[in-house]
Number of protein chains: 2
Amino acid sequence: MNIGEASAASGVSAKMIRYYEQIGLIRAAARTESGYRVYSPSEVETLRFIRRARDLGFSVEEMGTLLALWQDKGRESADVKRVALQHVVKIEKRIQELEGMARTLRHLAGHCHGDERPDCPILDDLATISETAKAAPARKPALRGRH
Amino acid sequence: MNIGEASAASGVSAKMIRYYEQIGLIRAAARTESGYRVYSPSEVETLRFIRRARDLGFSVEEMGTLLALWQDKGRESADVKRVALQHVVKIEKRIQELEGMARTLRHLAGHCHGDERPDCPILDDLATISETAKAAPARKPALRGRH
DNA sequence: CTTGACCTTCCAATAGTGGGAAGCTTTACC
DNA sequence: GGTAAAGCTTCCCACTATTGGAAGGTCAAG
């Protein structure tokens with residue numbers, strides 16, 4: 001199997017397969033005499049694993065962890081479960097953030113006429129000195145009071 | 001006001017202020033004789049607008065649109081509302097995707113013992129030829145049936 | 001043998017932000 | 001006035017994950 005066939009069979013683009021090889025997520029494929037990459041069914045299975053993990057939102061780094069666990073026949077299922085649940089927590093946090101944004105925007109849009117008149121509470125609010133910002137980031141040394 | 005003060009007053013890092021200037025999102029700031037950027041209160045207000053929009057998940061490009069609308073005193077509020085609601089749709093779509101991932105992962109984790117035993121349905125599932133994938137992307141010409 | 005799909009490597013770009021180096025300016029303090 | 005430190009300047013690099021393209025070699029089919 002060459003890279004194009006492995007790509008079609010796994011759902012991972014040839015570009016990405018080469019990239020994953022380059023960064024060491026997967027081992028370098030064998031080559032034909034002319035330099036073409038060759039994939040075995042088991043390597044294609046690995047690529048499918050990767051695509052599935054990617055579709056579930058795992059980062060390349062996390063995929064590396066999962067692959068190592070997958071290939072370690074003696075690992076404890078608790079290790080895998082922990083990685084999965086940590087990822088769920090991250091996803092849920094992101095969902096919370098997005099829901100906050102959507103809620104705010106829907107609220108603002110709900111107060112906007114949405115007609116030909118120019119006044120718009122959405123823009124008014126965006127321009128407001130509101131403190132919806134992220135928790136005050138640790139401030140640096142302190143500014144020299146010059147103005 | 002120099003860039004550090006404008007940054008503290010707006011919540012946008014100095015790095016990003018320079019970046020936004022570079023890509024043309026904001027106009028180039030005036031300079032002192034020695035080359036320091038100088039910001040007026042109205043420019044700081046613009047930066048706050050930007051930070052607020054960014055916190056709501058707008059891309060740089062969308063922020064450009066919103067800024068133009070904000071500065072166009074004659075625009076119709078419908079234009080603004082449309083941009084906002086389009087963004088809400090995008091956010092909601094992303095939430096759906098993330099919820100699908102979290103649901104799948106929670107389901108898988110729920111079937112994993114999570115103890116010292118090595119067997120784990122999470123990995124088993126990831127390795128499975130499942131078609132949870134994204135809708136089949138338009139396939140190219142077709143592979144030469146060689147294997 | 002030509003054609004065209006396929007493979008190879010290498011380089012660039014995306015979005016948004018952070019980090020840092022080298023060097024000048026400003027301010028605080030003694 | 002001199003010095004130290006904090007700011008500023010530009011420039012370049014890194015990150016994630018992915019795509020795109022160019023230049024050139026290879027393979028199968030006609």
**Student:** Send over the distance from B:Arg31 CZ to D:dG7 P, rounded to a whole Å.
**Tutor:**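 Taking atom P of D:dG7 as the reference, CZ of B:Arg31 is at 19 Å.
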**Student:** Nearest-Å distance, CD1 (A:Ile23) to C1' (D:dA14)?
**Tutor:**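 From A:Ile23 CD1 to D:dA14 C1': 15 Å.
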**Student:** What nucleotide among C:dT17, D:dT18, C:dT8 has an atom nearest to a side-chain atom of A:Met16?
**Tutor:** D:dT18
**Student:** Side chain of A:Arg37 only, heavy atoms from C-beta on: which candidate in D:dT26, C:dT25, C:dT9 is closest?
**Tutor:** C:dT9
**Student:** Are A:Arg51 and A:Asp55 side-chain neighbours, meaning at least one heavy-atom pair lies under 4.5 Å?
**Tutor:** yes
**Student:** Mark yes or no for a side-chain to base donor-acceptor pair under 3.5 Å between B:Lys15 and C:dG16, with no hydrogen or angle criteria applied.
**Tutor:**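 Donor-acceptor pair under 3.5 Å: no.
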**Student:** Strictly by side chain to side chain donor-acceptor pair (under 3.5 Å), give each pair with a member in residues 85-98 of chain B just once, sequence neighbours left out.
**Tutor:** A:Arg106-B:Glu92, B:Glu62-B:Lys90, B:Arg94-B:Glu97
**Student:** Can you check the B:Ile3 CD1 to C:dT26 C1' distance for me, whole Å?
**Tutor:** 16 Å
**Student:** B:Leu47 has an atom CG; how far is it from atom P of C:dG16, in whole Å?
**Tutor:** 16 Å
**Student:** Using atom CZ of B:Arg54 as one end and atom C1' of C:dG18 as the other, report the distance to the nearest whole Å.
**Tutor:** 13 Å
**Student:** Please tell me which of B:Glu61 and B:Thr32 maps to the more 5' nucleotide of DNA chain C, matching each residue to the nucleotide holding its nearest heavy atom.
**Tutor:** B:Glu61
**Student:** Which nucleotide in the list C:dT8, C:dT17, D:dC8 gets nearest to the side chain of B:Tyr36?
**Tutor:** D:dC8
**Student:** Counting heavy atoms from C-beta on, name the nucleotide in D:dA17, D:dT19, C:dT17 closest to the side chain of A:Ser13.
**Tutor:** D:dT19
**Student:** Could you state the atom-to-atom distance from CZ of B:Arg18 to P of C:dG19 in whole Å?
**Tutor:**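 Going from B:Arg18 (CZ) to C:dG19 (P), I get 14 Å.
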**Student:** When the side chains of residues 74-85 of chain B are checked against the rest of the protein, which donor-acceptor pairs come out under 3.5 Å, sequence neighbours left out?
**Tutor:**
from    : atom 1 : to       : atom 2 : distance (Å)
B:Arg75 : NE     : A:Pro118 : O      : 3.1
B:Arg75 : NH1    : B:Leu69  : O      : 3.2
B:Arg75 : NH1    : B:Trp70  : O      : 3.4
B:Arg75 : NH1    : B:Asp72  : O      : 3.3
B:Arg75 : NH2    : A:Pro118 : O      : 2.7
B:Ser77 : OG     : A:Gly114 : N      : 3.3
B:Ser77 : OG     : A:Asp115 : N      : 3.1
B:Ser77 : OG     : A:Asp115 : O      : 3.3
B:Ser77 : OG     : A:Asp115 : OD1    : 3.3
B:Ser77 : OG     : A:Arg117 : O      : 3.0
B:Asp79 : OD1    : B:Arg82  : NH2    : 2.7
B:Lys81 : NZ     : A:Ala109 : O      : 3.3
B:Lys81 : NZ     : A:Cys112 : O      : 2.9

**Student:** State, with a plain yes or no, whether a side-chain heavy atom of B:Thr104 is found less than 4.5 Å away from one of A:Arg52.
**Tutor:** yes
**Student:** May I have the distance from A:Leu56 (atom CG) to D:dA17 (atom C1'), rounded to whole angstrom?
**Tutor:** 17 Å
**Student:** Between C:dG16 and B:Tyr20, counting only base atoms on the nucleotide and side-chain atoms on the residue, is there a donor-acceptor pair under 3.5 Å?
**Tutor:** no
**Student:** Donor-acceptor pair, distance only, cut-off 3.5 Å: does the side chain of A:Ser7 make one with the backbone of A:Ile3?
**Tutor:**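 Side chain of A:Ser7 to backbone of A:Ile3, a donor-acceptor pair under 3.5 Å: no, none is there.
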**Student:** Counting side-chain heavy atoms from CB outward, which of D:dT19, C:dG16, C:dT9 is closest to B:Tyr19?
**Tutor:** C:dG16
**Student:** Could you state the CD-P distance from A:Gln22 to D:dA17, rounded to the nearest angstrom?
**Tutor:** 13 Å
**Student:** Starting the side chain at C-beta, find the nucleotide from D:dA17, C:dC7, D:dG7 nearest to B:Asn2.
**Tutor:** D:dG7
